[in-house]
Structure formats: C-alpha cells, structure tokens
Number of protein chains: 2
Amino acid sequence: MTLLYSKEDRLLVAVDCIVLGFQDKEINVLIVKRKLNPLKGGRSLMGGFVRKNESLNEAVARVGAGYTGVENVYMEQVGAYGEVNRDPGGRVISVVYYALIDMHRFDEQLKDRHNTEWVNIKNVGALILDHRRFLDDALHHLRLQSATHPVGFNLLPERFTLPQLQSLYEAIYARDLDKRNFRKKILEMGVLEKLDEKDKSSSKRGAFYYRFNKEKYDYMVKNGVDVSFI
Amino acid sequence: MTLLYSKEDRLLVAVDCIVLGFQDKEINVLIVKRKLNPLKGGRSLMGGFVRKNESLNEAVARVGAGYTGVENVYMEQVGAYGEVNRDPGGRVISVVYYALIDMHRFDEQLKDRHNTEWVNIKNVGALILDHRRFLDDALHHLRLQSATHPVGFNLLPERFTLPQLQSLYEAIYARDLDKRNFRKKILEMGVLEKLDEKDKSSSKRGAFYYRFNKEKYDYMVKNGVDVSFI
DNA sequence: TTTTTAAGTGTGCGAAAAACACTTTTATAT
DNA sequence: ATATAAAAGTGTTTTTCGCACACTTAAAAA
C-alpha cells in the first residue's frame, strides 16, 4: 500500500503558525528568535515540520501550543507556499496558518523559554525568509474573514465590553469606526448577550460586559439569516 | 546545506488542479478517470506529485497543461489538505488549485488520451477521496473572488457579448441577475470596450462583442479607484 | 458639590442596490 | 411584401443601507 507512490519525490513540509493576540487596542503577533540554522537568531514566525503521522491541523496545533501553552485555538489556513528556493536550509513546502488567541490565556513562562515576544503588528518590520509575506497575507485574510464571520471574538476574553469590541475591529481594519453606527449594527445582529456586570477598569462609569452567543449565531446561519459582520 | 533538516520526515506533496470552463451558460469541470491505483478508474480531479525541483505553481501548471494543452492559465490556490489518511495510497499532502480556461482553447485530442470529460458542475456527483470537497471549496472560493476581482473573463474568449457575460455570472452565483442592472453596473465600471462586430450565433439581431481592458483595470486599481464586481 | 472622563443614545441624508416593462433589430416563415 | 418570433437593448422609481453627526448620563475623584 505504501509502495504505490514509491517513485515520487518526497519533500519537507512545514507549518508556520502566526499567533495573533489583542491587548490595549492593538493587535500583536508573537515573534520568535529562531533557534536553528540557517538564519539562527533571526526574527521569525513559529514553525515546525509536519510529521508522518500527524495531519496539518495537528501539526500546527502542536507548534502553536508549544509556544503559547494554549490549546483548542481558532485557526485559519492562509495558504501553501512552495517556491523551490524559499528556504536556504532545504526544499520546504510551508503551509501557513494564523491562530487567534485570548492573550490572557498565554503562558508567560514560555516567553523566556522560547525567546518570543509580542509585537504590535504596526511595528513588526522585517522577518526571515518569506515570513513577512506570510504575515501580510494572513492579516489580509483576517480582514476579509472578519467582515463576514464572527472571528474577532476569539481574540477577546469570554466577557468583553462594546468599547473593547469596537477597538478590536478598529485595529483589524486599521481605521476608526463611528461608535453609534458600530453599536447599532452589532447589537441589531442579535448575537450578543448583555450581562449585568460592568467593567470599571477603563472608565468611572464602567461599561457593560457582553458575551457572544455562538449557539444563536450558528442557528441563524443554519436557517439562512445572513449575519454579516461590521 | 541540504543536511540541515535531515532528521525530519519527508512527505509526498501533490497538486490537484480543478479545471473549469464555461459553455452554453454552464460552468463545467474537467473530470478524469483515474489511471493509477488505488481507486483506478474512479472519477477524479487532475493531480500529480510535486517534484523536488519545481515550485507548487510550476507543478500545477504542468499537470493542468498536460490534461488540457493550454498554457499560461489563470490559477488560484484553494488550500492545502493534509489529513493523515486522506489517500489510501500513502501519506500525501495535497495542495489544491483551480484553473479558469477558455474552453475553446482546450485540446480535444487530449480528451481520449487521458479519459477526461467536461461535466456540468451541477451534475458532478461523487468523486474519489476528498476531491468532492476540493471542488466545493474551489467553487466557493471562485464566488468570493468573482465578487471582487475580474476573474470571470478568463473563462471567456477574448471577445464576448454582454448576454454571455451575464450568463457566466449567473452560472457562477447560481442565480438570475437583472439584465438592466447587470449591464448598467458592468458598463459603468469602464473596463469593457465595445467592438463594432456582432455575434449573430444566438439571436437574429445579434449582440455586440466586447473586450475586457485589463490595462485600464490595472491602472484603476493602482490609482485607488475601487472596481468591485457584480 | 463640582469636575472629569468615558459610556451610551437617535436621526436625517445621500448613494447604491433592486425592482420593474417596453422598444428595437433582423432572420425566417408565410 | 408582410407578419412573426426571439433575443438585444434601454431608464426610472423605490427601497435599503451606509455614513455623518452631538448631546446626555453615570460615577469616581478632587
């Protein structure tokens, strides 16, 4: 069975995991100082090779969890990159994903261990190989995805306020949004639950917490109600 | 240099090429009777393995041209699929693309040689492995892409009529469009050139030929004019 | 009790999308 | 020559949606 394709070339397949988080009105990406040659010490995304007995999804979840300590994370595939000489270390096909995590769940201890740091996406600068392109493509994908699907909530804690949510979308789209229009539209969709408690950390008055009702959203989608996002 | 990653597993990497064409108001996909085991004789998309010294793009162009005789084809990547057991013939990562071709350029002689046939996308039915999912994902991608980019023209000859173009978009979106609204919108964009000649093949009156002016479109995009499609 | 600061709230206008039906052209049939 | 048939071509009205816009409220701190 495993000999059927025996004459074909076999290649290294890597996954690269772009870990994104949101804090203080900014989107941040986890950047690592690369541990191996070539380009040891260079600023890099988190990558790893796909093993014979794991799927792409399993591989990227493994790599992501290794650097963040967070499991069961929302991920999207950006695409596969396969130029012959994209990696001077060898012929490597790279499949790129981005992961959206709640930064509060990030395991800070892993930061020193792996030499990672959170960098505001506005200030990332150059990265090794074609990683800068991976990041740009991922952010482009995220913007498209955010406009039609409720993916942003994965970057927030379970309970969040409307000002927080607005600043998240402002960070994703890199432009200011009108407060009244934003609130009107997001509340009209009917997938946010207002809670009784307030977050007082950023104002005297405090802002009510909300929660995303995924069950209701899924139900609406299943029944053909079109729920387009912001 | 090539020994740097020597301990890592190497995998088979395939490209699958979904060849789409348009004729008689219908979108068709090229389906092949598979030549090799396993699943020899099954209804399949066109695939091939990526060689050590070719990029993904080169591989898929090679595979596509082998079955259609058409080169320099518009292609889009759909994604990479990497479940461990997706192919009973071995551990294969598949990177899926779709190609949009003008069916008039298709080399009919290759049809018999490779046992291919054009099938209306409405009547494709079951395919081997996860190819049915590849096709569904590709069509989804094509719909999104068509709404924002002028990709449909790749499915038409250089000269086409507005009724043809409309029926193409109707096929892509699988719904009827209003003739007046369609024509108004597409002409207002200012990227179609009306020619003097008429196509008389489908009506007594005849319909004027048009041509897509890619240079003008690119110029408009470069200068920030947003040209959204239908 | 005054001040400060962010949270919260409603309306009106303009542009774009969607609905809608008749006229024109011309080959073919009578 | 005239009638017919069949698809191409053409504008206007209505509706919807996005976008601009400014004041009030709550509550801690001074």
- [ ] Spell out protein contact along nucleotides 23-30 of chain D as letters: B when the base is contacted, S when just the sugar-phosphate is, - when no protein heavy atom is under 4.0 Å; keep the 5' to 3' order.
- [x] --BBBB--
Open item on the list: Let's go through Leu110(B) and Thr116(B) carefully: what are the C-alpha distance in whole Å and the side-chain angles of both, what is the deciding distance for side-chain contact (heavy atoms from CB on, under 4.5 Å) to 0.1 Å, and is it a yes or a no?
Closed with: CA-CA 8 Å; Leu110(B) 295 175; Thr116(B) 57; 5.9 Å; no
TODO: For Leu165(A) and Tyr210(A), run side-chain contact (heavy atoms from CB on, under 4.5 Å): C-alpha distance rounded to whole Å, both residues' side-chain angles, the deciding distance at 0.1 Å, then the answer.
DONE: CA-CA 10 Å; Leu165(A) 186 64; Tyr210(A) 285 78; over 6 Å; no
TODO: Assess whether side-chain hydrogen bond (donor to acceptor under 3.5 Å, both in side chains) is satisfied between Ser55(A) and Asn57(A), documenting all intermediate values.
DONE: CA-CA 5 Å; Ser55(A) 68; Asn57(A) 284 333; 5.2 Å; no
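To the nearest 0.5 Å, atoms CD (Gln166(A)) and OG1 (Thr161(A)) are separated by 10.0 Å.
At whole-Å resolution of the value, CG in Asp178(B) and C1' in dT15(D) are 15 Å apart. Rounding to whole angstrom units, CZ of residue Phe208(B) and P of dG9(D) are separated by 7 Å. Atom C1' of nucleotide dA8(D) and atom CZ of Phe160(B) are separated by 16 Å, given to the nearest angstrom. Whole-Å rounding puts the Gln166(B) CD to dG9(D) P distance at 11 Å.
Taken residue by residue, residues 220-230 of chain B places no heavy atom nearer than 4.0 Å to DNA chain D. In the region residues 143-150 of chain B, proximity to DNA chain C at under 4.0 angstrom, judged on heavy atoms, holds for none of the residues. Residues of residues 181-197 of chain A having a heavy atom closer than 4.0 Å to DNA chain D, listed by number: Asn181(A), Lys184(A), Lys185(A).
Contacts of Ser202(A) with the nucleic acid, taken as non-hydrogen atoms under 4.0 Å apart, involve only primed sugar atoms and P, OP1 or OP2.
The salt bridge (Lys or Arg N to Asp or Glu O under 4.0 Å) test applied to Arg132(A) returns Asp136(A), not counting sequence neighbours. Applying the salt bridge (Lys or Arg N to Asp or Glu O under 4.0 Å) criterion to Glu193(A), with sequence neighbours excluded, gives Arg211(A). In this structure Arg205(A) satisfies the side chain to side chain donor-acceptor pair (under 3.5 Å) test with no other residue, sequence neighbours excluded. Under the rule for a salt bridge (Lys or Arg N to Asp or Glu O under 4.0 Å), the partners of Lys122(A) that lie at least two apart in sequence or sit in another chain are Glu26(A). With sequence neighbours excluded, the residues that form a salt bridge (Lys or Arg N to Asp or Glu O under 4.0 Å) with Glu197(B) are Arg159(B).
Put simply, the side chain of Asn223(B) never gets that close to the backbone of Val225(B): no donor and acceptor are under 3.5 Å apart. Using modelled atom types, one side-chain atom of Lys216(B) and one backbone atom of Gly190(B) make a donor-acceptor pair closer than 3.5 Å.
Taking 4.5 Å as the limit, every side-chain heavy atom of Met189(A) sits out of range of all side-chain heavy atoms of Tyr217(A).
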Which side-chain N or O atoms in residues 93-101 of chain B pair as donor and acceptor under 3.5 Å with protein atoms at least two apart or in another chain?
| residue | atom | partner | partner atom | Å |
| --- | --- | --- | --- | --- |
| Ser94(B) | OG | Asp16(B) | OD2 | 2.4 |
| Tyr97(B) | OH | Gln77(B) | NE2 | 3.1 |
| Tyr98(B) | OH | His141(B) | ND1 | 3.2 |

Got a list of side-chain donor-acceptor pairs under 3.5 Å for residues 171-187 of chain B, not counting sequence neighbours?
| residue | atom | partner | partner atom | Å |
| --- | --- | --- | --- | --- |
| Tyr173(B) | OH | Ala147(B) | N | 3.3 |
| Tyr173(B) | OH | Ile230(B) | O | 3.4 |
| Asp178(B) | OD2 | Arg180(B) | N | 3.0 |
| Asp178(B) | OD2 | Asn181(B) | N | 2.9 |

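Think of the region where chain A sits on DNA chain C: with heavy atoms and a 4.0 Å cut, that region ends 5' and 3' at dT4(C) to dT11(C).
Note: Phe212(B) and Phe160(B) fail the aromatic proximity criterion, with ring centroids not under 6.0 Å apart.
Between Arg180(B) and Pro163(B), the one whose closest nucleotide on DNA chain D sits nearer the 5' end is Pro163(B).
Taking the six-membered ring for Trp and thresholds of 30 and 60 degrees, Tyr67(B) and His114(B) have ring planes inclined between 30 and 60 degrees apart.
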